[in-house]
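See structure below.
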Amino acid sequence: MKTVRIGSGAGFSGDRIEPALELAEHGAIAYLGFECLAERTIALAQQARLADPDSGYDPLLTARMEAVLAPCIRRGIRILTNMGAANPRAAAAEVARIARKLGLTGIKIAAVTGDDVLSRIQAAPHPLLERPGETTASIRDRIVSANAYLGVAPMVRALAADADVVITGRVSDPALFMAPLVHEFAIPMDDWDALGRATVVGHLLECAGQVTGGYFADPGYKDVPDLAKLGFPLAEVAADGSAVITKVAGSGGAVSLRSCKEQLLYEVHDPARYYQPDVVADFSAVRLEPDGADRVRVSGGRGAERTGTLKVSIGYRDSFIGEGQISYAGAGALSRARLAIEIVRERLRLTGVAVRELRCDIIGVDALHRGPEPAAEPAEARIRVTGRTDSLAEAARIGNEVETLYTNGPAGGGGAWKSAREVIGVVSTLIPESAVAPTVSYQVA
Amino acid sequence: MRLRELAHARTGDKGDISSIAVFAYDPGDFAFLAEHVTAAAVAAHFAEFLRGKVERYELPALGALNFVLHGALGGGVTRSLALDAHGKSLSASLLEMELPDPQQAD
């Protein structure tokens with residue numbers, strides 16, 4: 001029976017480079033997907049593109065392609081990635097440049113566009129999914145990007161047209177891995193169960209190392225070998241949609257029932273209704289079974305008819321955040337840290353810093369989890385004061401009031417650090433799928 | 001005993017919603033977990049910062065309970081003031097939950 005082997009080369013924009021090369025060289029894969037586009041990344045990329053029309057794609061595109069393009073082309077491995085971010089065509093041109101530099105010829109690179117729906121979103125108010133009763137009218141002047149999550153269709157077109165590399169902007173994360181399955185097995189776009197099974201495979205692969213032992217180890221409870229050499233996953237997918245999740249033999253990490261269970265439900269709300277552009281996938285009857293060392297068989301995915309709407313991520317200028325940190329140690333560290341926080345609070349009041357929201361933490365005590373008072377005095381205490389403001393200048397004043405504790409605060413404060421930054425917020429809405437018209441353009445290097 | 005002795009967990013985030021999936025190490029403990037790790041118990045565990053409701057989905061075949069915590073991420077990952085804006089560490093906090101000793105529970 002025909003199987004298709006698909007590897008996952010990155011689970012976020014900053015992910016490790018060399019596991020993808022290991023998959024290309026030793027994974028016997030036919031496809032390699034890279035998921036690199038977080039919710040907010042595209043808004044930042046859009047701003048970069050406004051400043052320079054040739055930019056706006058993932059900053060690590062060049063490094064990743066320089067590492068994997070030649071071995072992939074040599075072995076006939078086709079690459080799919082959303083590293084096009086806000087500018088897939090410029091990203092395709094960059095890949096063509098790398099191909100020529102590497103002496104590769106006849107490489108066909110597809111750029112998928114059409115996810116950018118900024119003008120449509122700006123033309124009329126759209127209800128915000130996260131804020132009932134509120135519409136885009138409340139952020140209209142501050143919107144910097146609006147991108148619809150596209151499905152597999154344009155990527156499948158590119159694969160049918162023999163593209164070696166397919167570069168997209170915003171597409172659903174699993175779709176990067178579903179597109180090769182739809183292409184190879186000619187899955188009808190109304191075979192909801194088959195699309196549901198493909199979604200399960202895509203969902204397990206999209207975060208790369210998170211299914212092979214990353215984001216998992218807990219010494220003494222869940223031990224994982226060789227995380228410094230963590231192997232990224234590949235799926236062997238059969239025509240019936242069942243699959244085996246595994247990794248390159250000898251690589252670090254572990255593919256186990258437990259690691260696969262954790263990833264199956266990662267970022268899932270109702271497991272029976274996982275909304276995708278192409279299908280409403282149903283994970284509720286998924287079965288996971290051991291299939292040898294570092295091999296887990298997955299089956300039982302289902303699906304229901306797609307909604308006909310697409311989710312749109314809208315990036316907007318939200319606010320500014322200023323932050324400062326400083327540490328205390330030894331006897332009385334916690335008392336001095338608390339005194340330091342009191343001083344900063346009072347200074348922000350006295351000097352009239354316009355803070356809309358303020359948060360004060362003691363790292364190592366209550367910065368992550370607010371709980372009961374620590375039973376024992378900590379050996380060290382690091383304060384963190386962070387606040388939201390309406391301008392970068394106001395935000396900077398928060399960190400300054402922490403830094404001045406050096407000479408004006410409690411005894412023995414060391415290691416002060418400060419930052420001030422603009423915050424691009426992200427909200428969502430839905431649009432009819434008929435409102436987008438994805439386009440595929442090609443370059444041959 | 002602590003939930004950590006019976007289960008492992010993973011946190012995910014979307015906007016202002018944190019999802020925490022809890023998995024029985026031993027499938028035989030699933031019913032015990034389902035009885036004690038309720039949506040209300042999870043809401044109480046995170047009462048300090050939680051601003052919305054908690055939903056629970058049961059997946060007995062996986063020995064899993066999936067919790068969806070609304071209003072859990074300080075207004076949303078992209079604008080939160082929290083050190084751990086994604087709430088990645090919430091799974092470890094949930095595993096601190098105290099449960100009755102399973103031998104004495106019934």
Side-chain angles (χ1 to χ4, degrees), chain A residues 38-40 43 129-131 207 210 215-216 218 221-222 257-273 283-288 300 313 315-316 318-319 321-323 325 357-361 363 366-371 384-388 423-428, chain B residues 4-25 27 45-49 52 55-71 73-96:
Chain A
E39 266 193 325
R40 167 162 57 182
L129 293 179
E130 297 84 357
R131 303 178 191 174
C207 293
Q210 281 197 184
Y215 194 41
F216 181 81
D218 192 0
Y221 287 77
K222 296 184 296 176
L257 280 181
R258 286 172 183 164
S259 72
C260 290
K261 282 182 191 178
E262 286 197 12
Q263 190 56 26
L264 182 69
L265 295 187
Y266 178 69
E267 291 186 339
V268 169
H269 295 169
D270 180 353
R273 285 198 294 276
F283 295 176
S284 63
V286 167
R287 288 186 301 279
L288 297 169
S313 269
Y316 69 99
D318 180 276
S319 55
I321 288 181
E323 180 177 343
Q325 300 181 8
E357 190 184 342
L358 189 73
R359 180 178 166 127
C360 301
D361 302 309
I363 294 172
D366 63 5
L368 295 175
H369 306 148
R370 306 275 162 146
R384 173 178 182 270
V385 178
T386 180
R388 191 183 315 285
V423 177
I424 301 296
V426 175
V427 288
S428 314
Chain B
R4 182 175 193 218
E5 304 305 322
L6 299 181
H8 56 108
R10 176 170 294 196
T11 313
D13 61 275
K14 277 208 169 95
D16 199 18
I17 298 174
S18 176
S19 58
I20 309 179
V22 175
F23 305 84
Y25 280 115
H45 188 80
F46 292 119
E48 179 87 34
F49 62 84
E55 297 161 321
R56 185 179 89 166
Y57 298 95
E58 298 169 27
L59 296 109
L62 299 176
L65 299 168
N66 193 41
F67 295 93
V68 180
L69 286 63
H70 296 259
L73 297 177
V77 173
T78 54
R79 66 190 306 275
S80 167
L81 293 181
L83 178 60
D84 175 17
H86 298 87
K88 300 274 187 189
S89 65
L90 293 177
S91 56
S93 172
L94 184 58
L95 293 179
E96 296 281 303

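In what follows, chains are A, B, ... by sequence order, proteins preceding strands, each numbered from 1.
- L59(B) touches chain A through its side chain: at least one heavy atom from C-beta onward sits under 4.5 Å away, while N, CA, C and O do not.
- If you measure heavy-atom distances from A82(B) to chain A, the contacts under 4.5 Å come from both the backbone and the side chain.
- With a 4.5 Å cut-off on non-hydrogen atoms, T11(B) touches chain A through its backbone and its side chain both.
- Residues T78(B) and D318(A) are not in side-chain contact: their nearest non-hydrogen atoms beyond the backbone lie 4.5 Å or more apart.
- The residue among F67(B), Y57(B), F49(B) with the most heavy atom pairs within less than 4.5 Å of chain A is Y57(B).
- Between the side chain of K261(A) and the backbone N or O of L62(B) there is at least one donor-acceptor pair closer than 3.5 Å.
- Residues E55(B) and H269(A) fail the side-chain proximity criterion, which asks for heavy atoms closer than 4.5 Å.
- Counting heavy-atom pairs closer than 4.5 Å to chain B, the top residue among F283(A), Y266(A), F216(A) is Y266(A).
- With chain B as the partner, the residue from E262(A), R359(A), R40(A) showing the most heavy-atom pairs under 4.5 Å is E262(A).
- For the pair R10(B) and L265(A), the minimum side-chain heavy-atom distance is 4.5 Å or more.
- At a 4.5 Å heavy-atom cutoff, the contact between R258(A) and chain B is made by backbone and side-chain atoms alike.
- Heavy atoms closer than 4.5 Å to chain A are found in both the backbone and the side chain of Y25(B).
- Qualifying salt bridge (Lys or Arg N to Asp or Glu O under 4.0 Å) partners for D270(A), counting only residues two or more places apart in sequence or in other chains: R273(A).
- For the pair D13(B) and E267(A), the minimum side-chain heavy-atom distance is below 4.5 Å.
- With chain B as partner, the option from Q210(A), E130(A), E323(A) having the largest number of non-hydrogen pairs under 4.5 angstrom is Q210(A).
- No part of L257(A) comes within reach of chain B, as not one of its non-hydrogen atoms sits under 4.5 angstrom from that chain.
- Of all heavy-atom pairs spanning S89(B) and L368(A), the tightest one is OG-CB, 3.8 Å.
- At least one side-chain heavy atom of R388(A) sits less than 4.5 Å from a side-chain heavy atom of R79(B).
- Between chain B and the options V286(A), V268(A), I363(A), D361(A), heavy-atom pairs under 4.5 Å are most frequent for V268(A).
- Heavy atoms closer than 4.5 Å to chain B are found in both the backbone and the side chain of V426(A).
- Both the backbone and the side chain of D84(B) come within contact range of chain A, judged by heavy atoms closer than 4.5 Å.
- Relative to the ring axis of Y221(A), R4(B) places its NZ or CZ within 45° and under 6.0 Å from the centre.
- Looking only at heavy-atom pairs under 4.5 Å with chain A, the residue among E96(B), E58(B), K14(B), H70(B) that has the most is K14(B).
- Ranked by non-hydrogen atom pairs under 4.5 Å with chain B, the options P271(A), G425(A), A367(A) are led by P271(A).
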